[in-house]
Amino acid sequence: MSFSSDVKEELSRQCSTARHCQMAELAAIISMCGDVLISGTDRYSVKIHTENVAVARKCFTLLKKGFNIEAEIVIRRNRYLKKSNVYLITVFSHEDSIRLLKAMRFLKADGTVDEEIVLVSHLVVQRNCCKRAFLRGAFLAAGSISAPEKFYHLEIVCDREAKAQQLQQIMTVLGIEAKIVSRKKHYVVYIKEGSQIVDFLALTEANVSLMNLENIRILKEMRNNVNRKVNCEAANINKTVSAAVKQIEDIHYIQEQIGLDHLPEGLEEIAALRLEYPEATLKELGMMLTPCVGKSGVNHRLRKISDIAGKLKENKEE
């Protein structure tokens with residue numbers, strides 16, 4: 001199973017004991033992947049379609065626990081993906097459908113309802129606990145999350161811009177920064193920040209998935225820190241080697257032009273040591289001097305040698 005499937009499997013087993021939260025979660029699912037069908041004789045039925053068996057199981061549970069409604073489940077083969085099933089959960093009873101739609105505030109003031117449900121009433125998600133349940137339902141119905149080993153990305157696909165905006169607003173209230181992007185004929189609410197995805201999983205009560213994600217984040221952070229240190233050390237080594245090569249070139253130039261014995265005693269001593277130990281660090285060169293000289297003292301002497309070599313080159317050009 002993918003990480004996304006694991007998260008949905010865990011969320012499908014999380015069921016709020018409060019009926020208002022059950023309604024909020026079911027309202028999100030119906031809004032995202034449900035339809036209200038109206039027959040020619042004005043008889044209502046509610047149909048939910050999903051490709052995830054965990055979501056189908058959750059719908060069936062919410063209908064039974066929250067409304068004592070017995071829904072019919074039909075499994076069909078996906079015509080485009082031969083290995084995938086489509087689960088259809090249908091409430092055929094007109095009375096049960098009306099009761100369900102009234103509870104979730106999908107009925108208009110005149111007692112009618114759009115066949116394409118767009119927005120969930122703010123009364124259904126008035127409490128913070130209901131907002132969390134709503135996010136859980138929305139993710140179950142139309143969400144996905146990438147494998148955190150690769151990159152961080154959580155998204156919920158909406159078929160209407162208004163749905164995406166409502167979802168984004170609910171996330172904002174709960175402290176999650178989500179963005180919306182248009183993709184073909186859909187609107188995608190997405191989160192790319194690892195810490196924000198952790199917060200989303202915490203809010204929706206996917207605690208096991210949250211811990212798995214956090215473990216992966218810690219490992220990735222440790223690897224990144226190691227890589228940064230290795231890169232930093234490699235850069236320092238390259239810098240040290242380049243500096244040593246330049247110092248040796250300057251010393252050789254002075255040796256060819258005037259001889260090292262024309263240098264002051266301190267400079268001659270460090271020049272001889274640098275030629276003898278080309279790979280030594282400044283600290284190691286300082287320890288070889290008598291008396292010992294610190295790293296900055298050695299650097300100062302080598303810089304003077306570089307200045308002398310530079311002046312000799314200038315004089316020769318003139």
Side-chain angles (χ1 to χ4, degrees), residues 3 145-155 175-179 181 190-202 210-318:
F3 184 72
I145 182 171
S146 64
E149 295 89 348
K150 298 177 181 177
F151 53 91
Y152 302 122
H153 183 86
L154 182 149
E155 68 178 36
I176 296 175
E177 296 178 10
K179 295 182 180 180
V181 65
Y190 69 92
I191 309 168
K192 280 191 173 293
E193 191 69 37
S195 60
Q196 292 283 294
I197 294 176
V198 167
D199 291 343
F200 182 93
L201 294 177
L210 184 155
M211 292 304 298
N212 291 335
L213 176 57
E214 282 286 49
N215 288 336
I216 293 168
R217 285 184 72 209
I218 292 168
L219 285 173
K220 286 177 74 172
E221 187 64 29
M222 287 175 63
R223 287 183 189 134
N224 289 338
N225 287 338
V226 170
N227 288 336
R228 277 195 292 269
K229 287 180 180 178
V230 169
N231 292 336
C232 183
E233 288 176 6
N236 288 336
I237 290 170
N238 288 333
K239 185 178 177 182
T240 301
V241 170
S242 298
V245 169
K246 176 68 168 54
Q247 292 159 7
I248 291 170
E249 287 177 354
D250 290 339
I251 293 169
H252 278 309
Y253 188 79
I254 295 171
Q255 195 173 36
E256 292 170 2
Q257 296 299 315
I258 61 174
L260 296 182
D261 55 340
H262 280 74
L263 293 172
E265 184 180 348
L267 299 187
E268 182 183 1
E269 188 179 9
I270 198 67
L273 281 174
R274 172 49 85 196
L275 290 178
E276 188 176 354
Y277 303 100
E279 297 178 358
T281 64
L282 298 182
K283 184 177 180 180
E284 289 169 345
L285 289 175
M287 295 295 291
M288 297 176 195
L289 294 170
T290 306
C292 294
V293 176
K295 186 176 174 181
S296 60
V298 173
N299 189 47
H300 179 70
R301 293 186 187 187
L302 289 170
R303 198 178 297 130
K304 280 191 173 182
I305 290 174
S306 179
D307 291 340
I308 292 170
K311 287 179 182 178
L312 287 174
K313 289 175 183 177
E314 288 175 7
N315 293 336
K316 187 175 183 180
E317 289 174 359
E318 290 175 1

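Because the structure is a prediction, the values reported are computed rather than measured. We count residues from 1, following the sequence as given.
A salt bridge does not link K246 with E249: every distance from a Lys NZ or Arg NE/NH1/NH2 to an Asp or Glu carboxylate oxygen is 4.0 Å or more.
Looking at residues two or more places apart in sequence or on another chain, you find a side chain to side chain contact (heavy atoms under 4.5 Å, CB included) between K283 and T281.
In this structure, P278 and A244 approach most closely via the heavy-atom pair O-CB, 3.7 Å. The nearest pair of heavy atoms linking I305 to I251 is CG2-CG1, 3.9 Å. Pairing each heavy atom of F151 with each of S146, the nearest pair is O-OG, 2.7 Å.
Counting heavy atoms of neighbouring residues, nucleotides and ligands inside a 6.0 Å radius, atom CD of E279 does not exceed 12 of them. The environment of CD in Q257 is crowded: more than 12 heavy-atom neighbours from other residues, nucleotides or ligands sit within 6.0 Å.
Here the CG atom belonging to L154 is positioned 7.0 Å from the CG atom belonging to L201, to the nearest 0.5 angstrom. Taken to the nearest 0.5 Å, the NZ atom of K220 stands 8.5 Å off from the CG atom of L213. Considering OH of Y152 and CD of Q196, their distance stands at 13.5 Å, rounded to 0.5 Å. Atom NZ of K179 sits about 15.0 Å away from atom CD of E155, to the nearest 0.5 Å. Rounded to the nearest 0.5 Å, atoms CD1 (I145) and CD1 (I197) are 5.0 Å apart. Between the NE2 atom in H252 and the CG atom in D250 there is a gap of 10.5 Å [rounded to 0.5 Å].
When side chains are defined from C-beta on, L282 counts as touching L302, because their heavy atoms get closer than 4.5 Å. The shortest side-chain heavy-atom distance between D199 and I191 does not fall under the 4.5 Å cut-off.
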Next on the checklist: Set out, in order, the CA-CA distance, both residues' side-chain angles and the distance that settles side chain to side chain contact (heavy atoms under 4.5 Å, CB included) for V298 and L273, then state yes or no.
Outcome noted: CA-CA 11 Å; V298 173; L273 281 174; over 6 Å; no
Item to check | Worked verdict on R301 versus L289 for side chain to side chain contact (heavy atoms under 4.5 Å, CB included) | outcome: CA-CA 12 Å; R301 293 186 187 187; L289 294 170; 3.8 Å; yes
Next on the checklist: What verdict does the side chain to side chain contact (heavy atoms under 4.5 Å, CB included) test give for I308 and L267, after you've listed the backbone C-alpha separation in whole Å, the side-chain angles of each residue and the deciding distance to 0.1 Å?
Outcome noted: CA-CA 10 Å; I308 292 170; L267 299 187; 3.8 Å; yes
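Under a 3.5 Å cut-off, the side chain of N231 and the backbone N or O of N227 do form a donor-acceptor pair.
Screening residues 262-277 for side-chain hydrogen bond (donor to acceptor under 3.5 Å, both in side chains) gives Q247-R274 as the qualifying pairs, with residues at least two apart or on separate chains.
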